[in-house]
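All values below come from the heavy atoms of this structure, side chains included, with hydrogens, waters and symmetry mates left out.
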Amino acid sequence: MTEARTDEEPADLTAAERRMWDAYRTGSICDLSTRAADRDDPHSEHVWGPERSVRARVVARLLLHGPPPVPGRVASLKLRGVRISGRLELSGGTVAPYVELQSCRFDSEIQLSEARFGTLRMVNCAIPRLEAARLHTEGDLHLPRCRVARGIRLTDAQIGTDLLISQAVVRRDNKGRAIAADGLSVAQDLQGELLETYGEVSLRGAKVGVSMNLRGARLRNPAGRFALNAPQLTVERTLYLTSIALDYAAYGGTSTPPYGLGPTPVRGRRAQYFECLGGLRLDDGRFGDAIDFYGARFTLTDEQEISLRRIQTPEFRFVGERPESGRVVVSGAKVVKLVDTSTSWPGPGGLSIEGFVYENLAPRGHFPLARRLEWVAAATPEFSPEPYERLATVLRASGEDQEAREVLLAKQRRRRATLPPAPKAWGYLQDWTVVYGYRPGRAALWMTVLWAAGALMFSQLDPPAIKADEHPQWSAALYALDLLLPVIDLGQQGQWKLEGGWQWGAAGLVVMGWILATTVAAGASRLLRRG
C-alpha cells in the first residue's frame with residue numbers, strides 16, 4: 001500500500017536529483033544529456049559521472065510516494081540522458097504517474113514484479129535486466145531500442161494496450177532465455193520489428209488481442225532447442241514473421257516511439273529478413289486472420305524443427321526460404337487457405353503433413369502439379385493415402401478434375417510399392433493397361449483394339465452353330481463385340497460351337513471385356529461426380 005504524497009523534499013538530494021524532483025512536479029523533462037552524440041549514447045563505454053546520476057531509491061520514492069504537482073500541472077517522471085545508480089525496486093507497488101525514460105542508463109536490474117503502472121515507456125535505455133513478472137499496466141509498455149544484458153521476464157504480465165519492443169537487443173539470462181513471457185497478455189498489438197534476441201523467446205500460452213509483429217526480427221538461440229517457443233499462442237489477428245522494408249523515415253528521437261517501422265516489402269525493395277537461428281514452435285496456436293512467413297529465413301540443426309502442429313488459422317502464408325536442414329512439421333494443422341511457393345518447403349525427410357487440413361491452394365509463382373506431388377512425397381517417406389486424398393479433394397473442389405485424377409493415380413502408384421509381389425504385379429498390369437481407371441480414354445482405346453483383334457481373329461473361322469435350325473448369321477465383328485461387352489447381348493455369344501484354342505481366345509476376350517468395361521464405367525462416374 002502506497003504512502004500519502006508529501007511536499008517534503010529529502011535533505012540529501014544531489015543537484016541532479018533536485019532537478020529531477022522539480023521536473024517531476026511540473027511534468028517536464030529532466031534532461032541531463034550533453035548534446036554530444038558519442039557521450040549521450042547509453043550503450044557506449046563512456047563513463048557518466050555524478051552530474052548525470054540519480055539514485056534508484058530516489059526515483060522509487062518519486063514514483064511511489066512523490067510530492068503533489070505544481071497547481072495546474074500533472075506530475076510525471078520524464079528523464080533523458082540520466083544514469084540511475086543502484087537497483088530500482090518497485091515490486092508490488094502502484095505507480096500512478098506517467099513514466100518515460102529516454103536514453104537512460106541503469107547500473108542494476110529493474111524490479112517491477114507485480115507492480116501496477118498506467119503507461120511505462122523506456123526508449124533506447126541500457127538495462128542490465130528487467131524483472132517484471134505479473135506486471136500490470138493500464139496503458140502501454142514500451143521498450144524500443146533498449147539493450148538488455150541479462151534478459152526480460154514478463155511471465156503472466158498484463159499489458160493494457162500495446163507492448164513495443166521494436167529494435168531492442170536482448171541477451172540471455174542464466175537459464176538461456178532472452179525473453180520469458182509465458183502467460184503474457186497484451187490487449188492490443190505486440191510490436192517487435194527489428195528485434196534482436198540471443199536466447200530463447202518463450203511465449204507459451206501468451207495472448208495478443210490484435211496483431212503480433214516480428215517483421216525483420218533476428219531470433220538467435222543455436223545452443224538451445226528453440227529460438228521462439230510459443231505453443232498455445234493466441235493472436236486475434238495476424239502473426240507476422242516476415243521481412244521488413246527498410247526505406248522508411250528514421251526515428252527522430254521524439255517523445256513518442258513509432259508504432260511500426262515499415263510494411264512487408266514488395267519485390268525489389270531493400271529489406272531485412274526475419275531470421276530464426278534455432279527452432280520455432282507454435283503448436284496448438286490460434287490465429288484469427290493469418291500466419292505470415294513472407295521472406296523468413298530459418299537456420300536449423302538436424303534435430304531442430306519449425307513446429308506448427310495443430311495450429312488453426314484462416315490463412316497460412318508459408319512463403320519464406322527453404323530451410324537447409326531440420327524439419328517443418330504441420331501435422332494436424334487446420335487452415336482455410338494455404339499460400340506457398342514451390343521453393344519454400346524442404347525436401348524428403350524434412351517435412352511432415354500427416355493430418356494437415358487445408359481447403360484452398362493459392363500458390364505464389366509457378367507451382368506445377370509435378371512439384372506439388374513431390375511435396376506430398378517428401379512429406380510421406382512411408383506411404384500414407386491421406387495427404388494424396390486431401391490434395392485431390394482440394395483440386396476437385398476448385399474445378400481441377402484432371403489434376404485431381406493425377407493425384408489419385410500417384411497415390412495408387414505409391415501404394416503399389418508397398419504391396420506383396422502378386423498384387424504388385426496386378427497393379428502394374430492395371431497401370432499399363434487402364435491407368436487404374438483414372439484415364440478412361442485409354443480403357444476405351446484398349447477395348448477398340450481388342451475388338452479389332454478379335455474380329456480379325458474370328459474372321460478366319462466359320463464355326464458350326466449349336467442349334468442347326470436356329471441361329472443368326474455368323475459375323476466375326478459382332479461375335480467379338482458380344483464377347484467384349486458384358487451384360488449387353490448382341491445375339492452372337494452362345495450360338496456357335498468353338499473348340500480348342502478358339503475357346504481360350506473367346507474366354508480371354510470375355511475376361512478383358514469385364515475388366516475394361518468396369519474400368520470405363522468407373523472412370524465415367526468419376527468424370528460425372530464432383531466433390
Side-chain angles (χ1 to χ4, degrees), residues 13-64 66 75-91 93 95 97-112 115 117-132 135 137 139-154 163-171 251-258:
L13 293 183
T14 65
E17 291 169 350
R18 190 168 288 107
R19 287 181 60 182
M20 177 180 67
W21 192 277
D22 294 340
Y24 170 86
R25 296 193 64 199
T26 61
S28 57
I29 298 175
C30 176
D31 188 351
L32 301 184
S33 58
T34 64
R35 307 302 181 186
D38 58 335
R39 293 176 177 269
D40 289 336
D41 183 1
H43 315 298
S44 70
E45 298 296 328
H46 195 277
V47 177
W48 290 7
E51 73 282 357
R52 301 184 62 173
S53 301
V54 299
R55 289 167 291 178
R57 64 179 180 85
V58 179
V59 174
R61 179 168 179 174
L62 275 177
L63 294 177
L64 297 176
S76 60
L77 184 66
K78 299 178 181 178
L79 304 179
R80 178 181 295 150
V82 177
R83 171 192 169 208
I84 294 92
S85 61
R87 186 172 71 172
L88 181 58
E89 176 62 74
L90 298 172
S91 298
V95 178
Y98 171 84
V99 181
E100 183 175 299
L101 311 178
Q102 296 186 51
S103 301
C104 292
R105 179 183 292 178
F106 290 82
D107 285 356
S108 299
E109 68 180 41
I110 304 174
Q111 281 283 349
L112 305 180
F117 279 79
T119 291
L120 173 59
R121 288 177 174 166
M122 292 187 283
V123 181
N124 191 36
C125 292
I127 304 171
R129 176 170 172 78
L130 177 58
E131 181 68 46
L135 170 70
T137 70
D140 300 337
L141 173 61
H142 288 181
L143 301 167
R145 298 193 294 151
C146 287
R147 296 187 185 181
V148 186
R150 300 194 305 275
I152 297 173
R153 187 183 180 199
L154 288 169
L163 172 60
L164 179 62
I165 51 176
S166 297
Q167 294 180 284
V169 178
V170 187
R171 299 189 179 275
Y251 169 59
T254 60
S255 60
T256 303

Review point. When you look at Arg171 and Arg147, which way does the side chain to side chain contact (heavy atoms under 4.5 Å, CB included) test go after all the steps?
Key: CA-CA 8 Å; Arg171 299 189 179 275; Arg147 296 187 185 181; over 6 Å; no

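- A heavy-atom distance below 4.5 Å is found between the side chains of Lys78 and Tyr98.
- With rounding to the nearest 0.5 angstrom, the CG atom of Asp41 is 8.0 Å from the CZ atom of Arg105.
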Review point. Taking it one step at a time, do Ser85 and Asp107 satisfy side chain to side chain donor-acceptor pair (under 3.5 Å)?
Key: CA-CA 5 Å; Ser85 61; Asp107 285 356; 4.9 Å; no

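- Heavy-atom minimum distance, Ala75 versus Pro97: O-CB, 3.8 Å.
- Residues Ser103 and Asn124 bring a donor and an acceptor atom of their side chains to less than 3.5 Å of each other.
- Within the 4.5 Å cutoff, side-chain heavy atoms of Ile152 are placed close to those of Leu143.
- In this structure the side chain of Val148 never reaches within 4.5 angstrom of the side chain of Val169, judged on heavy atoms.
- The backbone N or O of Thr34 lies less than 3.5 Å from a partner atom in the side chain of Asp40, making a donor-acceptor pair.
- For the atom pair Leu163 CG and Leu135 CG, the distance stands at 10.0 Å (nearest 0.5 Å).
- For the pair Gly139 and Thr119, the tightest heavy-atom approach, listed with the atom from each and the gap, is CA-OG1, 3.6 Å.
- Looking only at distances, no side-chain donor or acceptor of Arg83 sits under 3.5 Å from a matching main-chain atom of Val47.
- For the residue pair Ala56 and Leu88, the shortest heavy atom distance occurs at O-CD1, 3.5 Å.
- Here the shortest heavy-atom pairing between Gly49 and Ser53 reads O-OG, 2.9 Å.
- Pairing each heavy atom of Pro144 with each of Met122, the nearest pair is CD-O, 3.6 Å.
- Residue Cys146 holds its SG atom at 4.0 Å from CD1 of Ile127, rounded to the nearest 0.5 Å.
- For the atom pair CG of Leu32 and CZ of Arg52, the computed distance is 7.0 Å after rounding to the nearest 0.5 Å.
- Of the inter-residue distances, the one linking Arg121 atom CZ with Leu101 atom CG reads 12.0 Å to the nearest 0.5 angstrom.
- When all heavy atoms are compared, the tightest approach of Gly118 to Thr137 is O-CB, 3.8 Å.
- At distances below 3.5 Å, at least one donor-acceptor pair connects side-chain atoms of Arg19 with backbone N or O atoms of Asp31.
- Scanning for salt bridge (charged side-chain N to carboxylate O under 4.0 Å, His left out) contacts around Arg87 gives Glu89, Glu109, with sequence neighbours left out.
- The distance from the CZ atom of Arg61 to the CG atom of Leu13 is 8.0 Å, given to the nearest 0.5 Å.
- A donor-acceptor pair under 3.5 Å links the side-chain atoms of Trp48 to the main chain of Arg39, judged by distance alone.
- Leu154 is listed as a side-chain neighbour of Leu141, based on a closest heavy-atom distance under 4.5 Å.
- When side chains are defined from C-beta on, Leu77 counts as touching Met20, because their heavy atoms get closer than 4.5 Å.
- By the 4.5 Å heavy-atom criterion applied to side chains, Ser44 and Asp38 are not counted as neighbours.
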